[in-house]
Amino acid sequence: MPLRLYNTLSGEKELFVPREPGKVGMYVCGVTVYDYCHIGHARAGIVFDMIYRYLLHSGYGVTYVRNYTDIDDKIINRANREGTDYRAVADRYIAAFDEDMERLGLKKPTVEPKATDHIADIIGIVQSLIDKGHAYEAGGDVYFAVESFPSYLKLSKRNLEDMLAGARVEVGEKKKHPMDFALWKSSKPEEPWWESPWGRGRPGWHIECSAMSMRFLGPSFDIHGGGKDLVFPHHENEIAQSEGANCCRFVTYWMHNGFVNINSEKMSKSLGNFFTIRDVLQLFDPETLRFFILSAHYRSPLDYSDQNLLEARSGLTRIHEALANLDVVLAAPAGDVVPPSAAELAEKAATLADRFREAMDDDFNTAQALGCVFDTVRTLNRTLAESAMPDAATREVLAVLRGAIDDIGEVLGLFRQSSASWLAAREAEKAQGLTVSAEEIERLIAERAEARKNKNFARSDEIRDYLLSKNVQLLDTPGGTTWQVK
RNA sequence: GGCGACGUAGCCAAGUGGUAAGGCAGAGGUCUGCAAAACCUUUAUUCAGCGGUUCAAAUCCGCUCGUCGCCUCCA
């Protein structure tokens with residue numbers, strides 16, 4: 001089944017047909033670097049990383065561009081507040097962004113351009129828009145004339161009249177139409193500036209994305225993505241600028257991820273109800289956050305809460321435990337037991353890759369894809385429970401299954417480290433608050449073993465209850481007693 | 001006010017015309033000296049409500065209610 005994806009422009013799922021067979025040009029709006037990133041940024045980053053990985057996995061040659069907007073009012077304001085240079089602020093948060101994204105396991109895009117490295121391109125486009133009658137200069141500023149572009153608002157499906165009715169529109173500016181937006185802003189004193197045909201100034205917001213996408217992907221390319229909140233005005237304005245300047249279709253497929261909510265309300269800077277990626281990674285490991293984000297379809301709203309993250313961690317733990325057990329069996333030699341569930345397991349192993357692909361081909365349905373994984377894990381657990389040393393044929397099926405899960409993990413950016421070490425890391429985290437030493441626990445386990453041998457179950461249970469009160473859970477196995485932090 | 005999205009079990013979440021995936025939590029069972037852990041089984045005659053189209057609807061259409069988003073910087 002071929003890939004279908006939801007296109008914001010048409011409002012429908014469409015068959016994905018790249019402009020050039022086998023190749024994909026994809027541009028995703030990165031961040032304006034004036035502060036630490038919050039979970040909303042994490043979601044956008046992870047979602048498009050997953051899409052990038054899946055396109056690569058599907059055999060496409062992908063040119064993936066994700067920009068940094070490093071010149072903007074908010075950056076300048078912050079620099080002024082701190083008494084530093086805008087460059088210092090931008091560089092600091094670029095570094096922070098890179099660090100956060102790396103921790104979340106994002107693959108590096110093909111190119112990560114910065115707006116300030118493309119000022120000449122920006123000026124060129126602005127000039128071209130003026131030449132074509134789509135823009136005009138007014139007192140050192142340059143504005144895009146929205147009325148010169150008839151299909152303006154085609155992405156957000158509105159019209160100028162509706163936008164004006166009841167909207168907050170500042171009057172008295174140099175704009176000819178209230179909806180006109182700035183392509184170039186003359187610089188005030190104390191502000192960074194570049195020379196331009198209209199005097200010293202700096203780019204407006206939106207134009208940098210037109211410039212950078214054009215530079216690296218050409219005037220027309222396949223996929224443009226970003227958060228839902230960018231549909232208007234950012235992407236709408238990009239379309240107007242790019243199509244106005246190049247006179248050809250800018251983007252074929254527009255993709256937008258849904259918001260992260262807090263108590264069903266959008267998380268945002270202006271509402272002040274946001275958590276930074278750093279905050280969350282204090283409490284949860286990066287893979288849990290990534291798993292949580294991919295457990296919902298990318299266009300659905302996603303409610304963030306500790307409770308939901310804890311549930312995600314439980315689910316992820318279930319998968320890792322199964323994989324860790326699988327790895328143990330694969331490391332051991334084959335036995336001669338044919339587990340009763342062998343045939344069912346063989347069927348699941350053989351179809352897993354196809355079921356995964358089917359889910360992903362349907363507009364990157366990662367929630368369903370993870371459902372396929374869990375479904376397989378259930379059968380896997382049964383087989384593993386039936387025999388710790390299955391026969392050679394079953395062992396081979398297990399190896400195939402392991403390979404399929406590795407492939408899935410590569411696409412979703414999950415299960416990248418060994419399950420045993422992931423589980424050990426979680427145990428270590430929990431052990432931080434422990435008030436009994438490992439030596440003490442081992443001593444008590446030995447004492448309890450002795451008591452059990454003598455059928456002194458009172459003492460045995462006393463030890464177990466005591467350790468449990470210290471958050472230490474004893475695990476009796478045929479091979480002896482181990483423990484874990486509760 | 002204009003435009004748009006969503007409403008599936010206690011919770012999270014797939015499913016967009018053919019008779020409700022999966023996870024968490026819960027309940028039974030296997031195992032155990034008893035437990036725990038693990039594993040197995042199980043949990044929605046029903047998809048906000050009301051009408052309509054259809055042989056067939058959670059899925060399409062209309063209305064009502066509720067929640068949220070965009071219209072201003074925002075992933």
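Keep in mind that the numbers below use all heavy atoms, side chains included, and drop hydrogens, waters and symmetry copies. The model shown is predicted, which means the values in this text are computed figures rather than measured ones. Chain identifiers are assigned alphabetically (A, B, ...) following the order of the sequence lines, protein sequences preceding nucleic acid strands; residue numbering begins at 1 within each chain.
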Quiz prompt | Parallel, tilted or perpendicular, as decided by the 30° and 60° cut-offs, for the rings of A/Y304 and A/F275 | solution = tilted

Exercise. Please work out which of the three classes, parallel, tilted or perpendicular, describes the rings of A/Y36 and A/Y93, given edges at 30° and 60°.
Key: perpendicular

Contact class for [X] (heavy atom, under 4.0 Å): base, sugar-phosphate, or nothing?
X      : answer
A/S268 : base
A/H234 : nothing
A/A296 : sugar-phosphate
A/G371 : base

Could you measure between the two [atom1] atoms, the one in [N] and the one in [M], and give it in whole Å?
N     : M     : atom1 : value
B/G10 : B/G29 : P     : 24 Å
B/G62 : B/U53 : P     : 15 Å
B/C61 : B/C6  : P     : 11 Å
B/G66 : B/G49 : C1'   : 10 Å

Quiz item: So, is A/N308 close to the B/C11 phosphate, meaning a side-chain N or O under 4.0 Å from OP1 or OP2?
Solution: no

Practice problem: Ignoring backbone atoms, establish whether A/K266 has a side-chain N or O less than 4.0 Å from OP1 or OP2 of B/C70. | Solution: yes

Quiz item: Regarding A/K74 and the six-membered ring of A/Y34, is the cationic atom NZ or CZ under 6.0 Å from the ring centre and inside 45° of its axis?
Solution: yes

Quiz item: Hey, does the Lys NZ or Arg CZ of A/R66 hover above the aromatic six-ring of A/F48, less than 6.0 Å from the centre and inside 45° of the axis?
Solution: no

Across all strands shown, which nucleotide pairs with [N] by Watson-Crick or G-U wobble geometry, both distances under 3.5 Å?
N     : value
B/C3  : B/G69
B/A48 : B/U64
B/G26 : B/U42
B/C34 : none

Quiz item: Side chains of A/T383 and A/N381: is there a donor and an acceptor less than 3.5 Å apart?
Solution: no

Practice problem: Under the side chain to side chain contact (heavy atoms under 4.5 Å, CB included) rule, what do A/Y27 and A/V251 come out as? Steps first, then yes or no, please. | Solution: CA-CA 9 Å; A/Y27 186 96; A/V251 166; over 6 Å; no

Practice problem: Starting at the 5' end of nucleotides 24-39 of chain B, put B wherever the base has a protein heavy atom under 4.0 Å, S where only the sugar-phosphate does, and a dash everywhere else. | Solution: S--------BBBBS-S

Quiz item: Hey, which of A/R4, A/K13, A/R299 is the one that makes salt bridge (charged side-chain N to carboxylate O under 4.0 Å, His left out) with A/D363?
Solution: A/R299

